[in-house]
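One structure is given here, and the rest of the page talks about it.
Naming convention: chains lettered A, B, ... in sequence-line order (proteins, then strands); numbering from 1 in each chain. Predicted, not measured: the structure shown is a model, and the values here were computed from it.
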Protein chains: 2
Amino acid sequence: MTDQNGSQSKRHRRVTAQTIADLAGVSRSAVSRAFSPGAYLSAEKRHRILKIAAEAGYQPNALAVGLKEGRSNLVAVFVGSMRNPYDAAFMGCLARSLNAIRKWPILIDGTDKSANSAVEELMRYPLDALILRGGSMAPEIVEHCARAGIPMISSGRPVSAPRVDNVCCRNAEGLREMTRLLIARGRSRFGFLGGPPEFYSSAQRRAGVLGALDEAGLRPIAEATGDYTVEVGAAAARRLLRENDLDALVCANDATAIGALSAARDLSLDVPGDVAVVGFDDIAMAEWPIFNLTTVRNPIEPAVGAIIRLLEKRLADPGKPGESISIDAVIIERGTH
Amino acid sequence: MTDQNGSQSKRHRRVTAQTIADLAGVSRSAVSRAFSPGAYLSAEKRHRILKIAAEAGYQPNALAVGLKEGRSNLVAVFVGSMRNPYDAAFMGCLARSLNAIRKWPILIDGTDKSANSAVEELMRYPLDALILRGGSMAPEIVEHCARAGIPMISSGRPVSAPRVDNVCCRNAEGLREMTRLLIARGRSRFGFLGGPPEFYSSAQRRAGVLGALDEAGLRPIAEATGDYTVEVGAAAARRLLRENDLDALVCANDATAIGALSAARDLSLDVPGDVAVVGFDDIAMAEWPIFNLTTVRNPIEPAVGAIIRLLEKRLADPGKPGESISIDAVIIERGTH
DNA sequence: GAAGCTAGTGAACACGTGTGCACATTCGCC
DNA sequence: GGCGAATGTGCACACGTGTTCACTAGCTTC
């Protein structure tokens, strides 16, 4: 009979609570109550209503509920760049976790400048929250969100505004620990290959390296900045390695480090014999035998877990002050140090 | 004065069309009309209303509009796995394109079985469409969508149901062409390393290889299946290359091919001297100098463009029959053949 | 000046839901 | 039998919007 309906050009009438009420011979209120756990309704009637609803494929309209409750269960996620393997993996984990608690992540790819105007447009929904991952966001947008009362959770780069929650990896501590390890293994001629200087993560990681070197009475022989991609990392590393006699090259992320590995190969430098190369993040590629990269893990699951916890706390108490959670980095020793 | 309001524990009253109407001394209808381009409204009044609205940060509530119009501007996107670099890149491009036309992609990560129940739950929103990328979806969900009148667009694996649109790469033709090229270059002892056998793309690509070999009176010496990941690809390739004397190994995707490259390296086989290795997709990594992989490009932007076009056509005419668009694959000659 | 037409405007309805409130019914107890 | 309490149910409102419909004021035309 569905096939017979297949040719319907009439407007497909959506099945609503009233439909179910008519079918079950009860009032529309009763149908609504059948779907809200705490409500007064005789067990027999509730059971009958739910059965009929299931047969008819009825579910309460989320837009109507959202309009009524002032809460949409939608969460905007502003992600730096999907081309970055770390961000992509992070996004996947975050999406799964949000799906599990029935919050729906709306993906805004933030590479383009148009992303900011997209967020502005999205504000028309009563979003449950706005989650920032990495990428920068115009300050006026942040303020606009705050004024509209949309909770914000930032991950990877702290946002200091009244009721904004933050989740951040201990970048400096991680790379400081790693640098200490390299020094203990006898390395002394250090280079640092950073990311975009305006990135918080890159600045923090650099600070960690310099801190550890300072403790040991050392200073970096050379520095350069990349853009967190493999290609630019390789080019920058080639220059650093050719023009300086380094025995350790600390990179601000794994993609850059992987670029550095191929630069070393091009220059016939043995890793780790001639020079140690380490990264940050521990993306899936770092474990591949071809790279076997020693790195500092920027753990995704604890960070996502913290975001989910903060989100639930914030929804329970919208007025509470902002909170900051730090995630410990983990040294992963493989074959390049 | 905003700061003074900062300590408000009162319910943050959302600014609504009525607020603007009161401020401007007009009726609420006038405010609504000011925001709908075609409506009758004196230019002077419209201008004043829009100015006041901008100052107050008012935008029409998307939930209310959606409820009224029966269209939410939300699009569910069901993606195979974010860990797969091709899927991640595809998703990024798709998100950007959807953002640009003011459609909001809700990301459902489909690795888990719970994804199907998530889709069911999402059905409570009057979704503009459901976009499938790769990953399989339970047939009952497909039927449920059809019954609820939610348009579906599938990419990467055709879904044959009444009003479902499809976008698919010419997998077979792409790999057939590539195999012909290898044969023309003198290769004759072929191996094929596939993906999961139940994947449409893997089966199609295999068919292309076998077709080209058949034309030349050849047959593959050995075959194996992987799961489209580097790790499993490497293990399978190692076995294939050790147990057979191949001079060409055709892989069903780039990740597998990259695994094969490292297997060849382990076995001290020269690529392309001893054996040619080719992949499919042309992910960003394929271009890296370390891999420099000859492959068949599965072009993302044309595919995403086709999805967007199909979506707009479908929204304009919900009853039209399903359409299928094929995307040409492109041979990318690099250093491994 | 009357009539007809046009541009502009506000009241009212519909969209689909959750829930406060008033009411109906039943039960236990004196 | 009477009465308070407890339980179940339906009406009506609110959420915020777009749009139809009736209506008014202003202008043109005879």
Side-chain angles (χ1 to χ4, degrees), chain A residues 11-50 53 56-74 121-128 148-149, chain B residues 11-50 53 56-74 102 121 123-128 148-149:
Chain A
R11 182 91 188 135
H12 179 56
R13 196 84 190 123
R14 196 179 167 90
V15 45
T16 173
Q18 188 63 59
T19 319
I20 306 302
D22 294 345
L23 253 51
V26 298
S27 77
R28 195 188 52 74
S29 312
V31 177
S32 177
R33 276 190 256 265
F35 280 87
S36 28
Y40 270 140
L41 193 64
S42 73
E44 183 273 333
K45 196 176 252 186
R46 158 167 289 148
H47 184 72
R48 186 162 45 107
I49 292 176
L50 287 180
Y58 168 77
Q59 287 182 279
N61 183 319
L63 292 190
V65 175
L67 181 57
K68 184 80 177 71
E69 315 280 284
R71 176 176 294 189
S72 64
N73 290 321
L74 298 173
E121 191 86 12
L122 251 188
M123 221 75 90
R124 297 175 46 164
Y125 296 82
L127 297 173
D128 277 18
Chain B
R11 183 87 187 139
H12 181 55
R13 197 81 190 127
R14 195 179 167 92
V15 45
T16 172
Q18 188 63 59
T19 319
I20 306 302
D22 294 345
L23 254 51
V26 298
S27 78
R28 194 188 56 73
S29 309
V31 177
S32 177
R33 275 191 261 265
F35 280 87
S36 27
Y40 270 139
L41 193 62
S42 75
E44 182 272 333
K45 197 177 249 185
R46 159 169 288 150
H47 184 71
R48 186 162 47 106
I49 292 177
L50 287 180
Y58 168 76
Q59 288 182 278
N61 183 319
L63 292 191
V65 175
L67 181 56
K68 184 78 177 71
E69 315 279 285
R71 178 176 292 189
S72 65
N73 289 321
L74 298 174
R102 270 36 183 159
E121 191 86 12
M123 223 73 94
R124 297 177 46 163
Y125 296 82
L127 297 174
D128 277 18

Between the OG atom in B:Ser42 and the CD1 atom in B:Ile49, the distance rounded to the nearest 0.5 Å is 8.0 Å

In whole angstroms, how far is the C1' atom of C:dC15 from the OH atom of B:Tyr125? 17 Å

Can you measure from CG (A:Leu122) to CZ (B:Arg102) and round to the nearest 0.5 angstrom? 8.5 Å

Below the 4.0 Å mark, does D:dT17 have OP1 or OP2 next to a side-chain nitrogen or oxygen of B:Tyr58? yes

So if I take every side-chain heavy atom of B:Ala64 and compare against C:dA7, C:dG16, D:dT17, which nucleotide ends up nearest? D:dT17

Taking only side-chain N and O atoms of B:Tyr40, does any of them lie within less than 4.0 angstrom of OP1 or OP2 on C:dA7? yes

Which residues pass the side-chain contact (heavy atoms from CB on, under 4.5 Å) test with A:Arg124, not counting sequence neighbours? A:Glu121, B:Gln59, B:Pro60, B:Ala62, B:Val65

Starting at the 5' end of nucleotides 19-28 of chain D, put B wherever the base has a protein heavy atom under 4.0 Å, S where only the sugar-phosphate does, and a dash everywhere else. BB--------

Can you tell me how far apart CG (B:Asp128) and OG (B:Ser72) are? Round to the nearest 0.5 Å. 4.5 Å

Nucleotide C:dG18, atom C1' - distance to CD of A:Gln59 in whole Å: 17 Å

Please report, rounded to the nearest Å, how far the C1' atom of D:dT7 is from the CD atom of A:Glu44. 15 Å

Can you name the nearest heavy-atom pair linking B:Leu50 to B:Ala34, along with the distance? CD2-O, 4.0 Å

Taking five pairs at each end of the helix from C:dG1-D:dC30 to C:dC30-D:dG1, what angle separates the two helix axes (nearest 10°)? 60°

Could you tell me whether the phosphate oxygens of C:dC15, OP1 or OP2, come under 4.0 Å of any side-chain nitrogen or oxygen in A:Thr16? no

What is the distance from CD of B:Gln18 to P of C:dG10, rounded to the nearest Å? 11 Å

CZ of A:Arg71 versus P of C:dT19: gap in Å, rounded? 12 Å

DNA chain C nearest-nucleotide lookup for B:Arg124 and B:Ala43: closer to the 5′ end is B:Ala43

State which residues pass side-chain hydrogen bond (donor to acceptor under 3.5 Å, both in side chains) with A:Arg71; sequence neighbours excluded, sorted by chain then number. none

So, for B:Ala30 and B:Leu41, which heavy atoms are closest and what is the spacing to 0.1 Å? O-CD2, 3.7 Å

Separation of B:Ile49 atom CD1 from C:dG8 atom P, in whole Å? 13 Å

Across the strands shown, which category fits A:Leu63 at heavy-atom distances under 4.0 angstrom: base, sugar-phosphate, nothing? nothing

Which donor-acceptor pairs under 3.5 Å do the side chains of residues 16-23 of chain A make with protein atoms, sequence neighbours left out?
unit_1, atom_1, unit_2, atom_2, d
A:Gln18, NE2, A:Asp22, OD1, 3.0
A:Thr19, OG1, A:Thr16, N, 3.0
A:Thr19, OG1, A:Thr16, O, 3.2

Residue pairs passing the salt bridge (Lys or Arg N to Asp or Glu O under 4.0 Å) test with at least one member in residues 38-48 of chain A, sequence neighbours excluded, are A:Glu44-A:Arg48

From CG of A:Leu67 over to C1' of D:dG18, roughly how many Å is that when rounded to an integer? 13 Å

Quickly work out the A:Asn61 CG to D:dC15 C1' distance and round it to whole Å. 13 Å

